[in-house]
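Quantities reported herein were computed from a predicted structural model and do not represent experimental measurements. Every chain is numbered from 1 and lettered A, B, ... according to where its sequence line falls, protein lines coming before strand lines.
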Protein chains: 2
Amino acid sequence: MGILRKTKSVKILLEEFDKKSSAISAITLVERLASELNKTTVYRVLDKLEEDKVLHSFLGKNGHKWYAKCNGCSVSGHQDSHPHFQCSDCGKVDCLSTDVLIPKIPNRKVDVSQVLLQGKCEECYV
Amino acid sequence: MGILRKTKSVKILLEEFDKKSSAISAITLVERLASELNKTTVYRVLDKLEEDKVLHSFLGKNGHKWYAKCNGCSVSGHQDSHPHFQCSDCGKVDCLSTDVLIPKIPNRKVDVSQVLLQGKCEECYV
DNA sequence: TTATATTTGCAACTCAGTTGCATTAGTATT
DNA sequence: AATACTAATGCAACTGAGTTGCAAATATAA
């Protein structure tokens, strides 16, 4: 069903993703926008923006939810097949354009692949 | 520090992993062993078995914790670099021996890679 | 401007996983 | 075999991300 109305909440959320290109965790958004939006609203709007393929979501290293803007992934089902990189120092998460090749797995049909790489990002990499 | 004493709990837990070769979620173990072991104990023993590199852990599709026996991964840091496969039908999770090649990422140092594939397993694949 | 349905906020809830603490039970020593 | 020591366990209460139900607010169409 997705977004039907252009509300204040939708605008506020989208602005956050326009500010910076890296992914943002749901927790961060809830905290950051606490004075403007209710926690429930944040989660619900994020859900809808994902349905509308404006954002895509994935799980970070603790199993917490992260969101990032969709770029080219709206075409073929937008199942973010690109890998994500989380810095073990600063915690920042980025979408990687470098593709990870998933080999054919015998006797199994792979529909979705989640790749989360962890290490040091360009800024924390000494 | 790891396991120091061979207790009833350790034995019960290890027996579960001997029964079947696929991975088992912490939740499943807590439920299944509820009459014999306390929830807290299950989580604590799993933790220690992981420290001892008897088991390795990873996150399933909902961000819930899964454990599986370590095979060859005790040698080089046991960071389970092998991918895991979760069936979207029956929910079963297996360790895959097929390796996923992680390409060099420019300006970043990759330490850990988590690959979770989802689809239909051999039994649910029609 | 009104009618209608979607969004929002609030409070209370769910549930995986954790923590503090008193009790129990392995293990080493005598 | 009894003792002392310390790790492991159970319990109850907690934490925190995410969800749900419902009444009030607000965007949109008529």
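Per the geometry, CD1 belonging to B:I27 stands 16 Å off P belonging to C:dT14, to the nearest Å. B:E51 has its CD atom 14 Å from the P atom of D:dA7, to the nearest Å. The CG-P distance, from A:N38 to C:dC10, rounds to 6 Å in whole Å. Atom pair A:L49:CG and C:dT7:P shows a separation of 11 Å (rounding to whole Å applied). Rounded to whole angstrom, the span from the OH atom of B:Y43 across to the P atom of D:dT15 amounts to 18 Å. Here C:dT27 presents its P atom at 15 Å from NZ of B:K8, a figure rounded to the nearest Å. Summarising the geometry, the separation between CG on A:L46 and C1' on D:dA17 is reported as 13 Å, rounded to the nearest angstrom. In this structure, B:K48 places its NZ atom 7 Å from P of D:dT9, rounding to the nearest Å.
One cannot find a donor-acceptor pair under 3.5 Å joining the base of C:dG17 and the side-chain atoms of B:R44. Below the 3.5 angstrom threshold, one finds no donor paired with an acceptor across the side chain of B:K6 and the base of C:dG26.
If you check C:dA16, D:dT19, D:dT9 against the side chain of B:V45, the one that comes closest is D:dT9. Between D:dG18, C:dA16, D:dT20, one nucleotide has an atom nearer to the side chain of A:T40 than all others, and that is D:dT20.
Defining each end axis of the helix from C:dT1-D:dA30 to C:dT30-D:dA1 as the rotation carrying four pairs' C1' atoms onto the next four, with five pairs an end, the two axes are found to diverge by 30° to 10 degrees.
Between A:Y67 and A:L49, every side-chain heavy-atom pair lies at or beyond the 4.5 Å cut-off.
Here the side chain of B:Q118 pairs no donor or acceptor atom with the backbone of B:K61 at under 3.5 angstrom. Although no hydrogens or angles enter the test, the distance criterion places a donor-acceptor pair under 3.5 Å between the side chain of A:S88 and the main chain of A:G119. At least one donor-acceptor pair under 3.5 Å links the side chain of B:K69 to the backbone N or O of B:F17.
When each of B:R5 and B:L37 is assigned the nucleotide of DNA chain D with its nearest heavy atom, B:R5 is the one assigned upstream, toward the 5' end. Map A:D47 and B:K39 each onto its nearest nucleotide of DNA chain D; the residue landing nearer the 5' end is B:K39.
Distance check: B:K11 NZ to B:D18 CG gives 11.5 Å after rounding to the nearest 0.5 Å.
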Could you go through A:E51 and A:K48, starting from their C-alpha distance and side-chain angles, then the distance that decides it, and tell me whether this counts as salt bridge (charged side-chain N to carboxylate O under 4.0 Å, His left out)? CA-CA 5 Å; A:E51 278 181 51; A:K48 292 205 181 152; over 6 Å; no
Show, in sequence, the C-alpha distance, side-chain angles and deciding distance for A:D111 and B:K120, and conclude whether the salt bridge (charged side-chain N to carboxylate O under 4.0 Å, His left out) test is met.
CA-CA 8 Å; A:D111 297 321; B:K120 295 257 205 291; 5.2 Å; no
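In terms of phosphate contacts, A:S9 brings a side-chain nitrogen or oxygen within less than 4.0 Å of OP1 or OP2 of C:dT8. OP1 and OP2 of D:dA27 both lie 4.0 Å or more from every side-chain N or O belonging to A:T7.
At the heavy-atom level, A:E31 lies nowhere under 4.0 Å from the strands shown.
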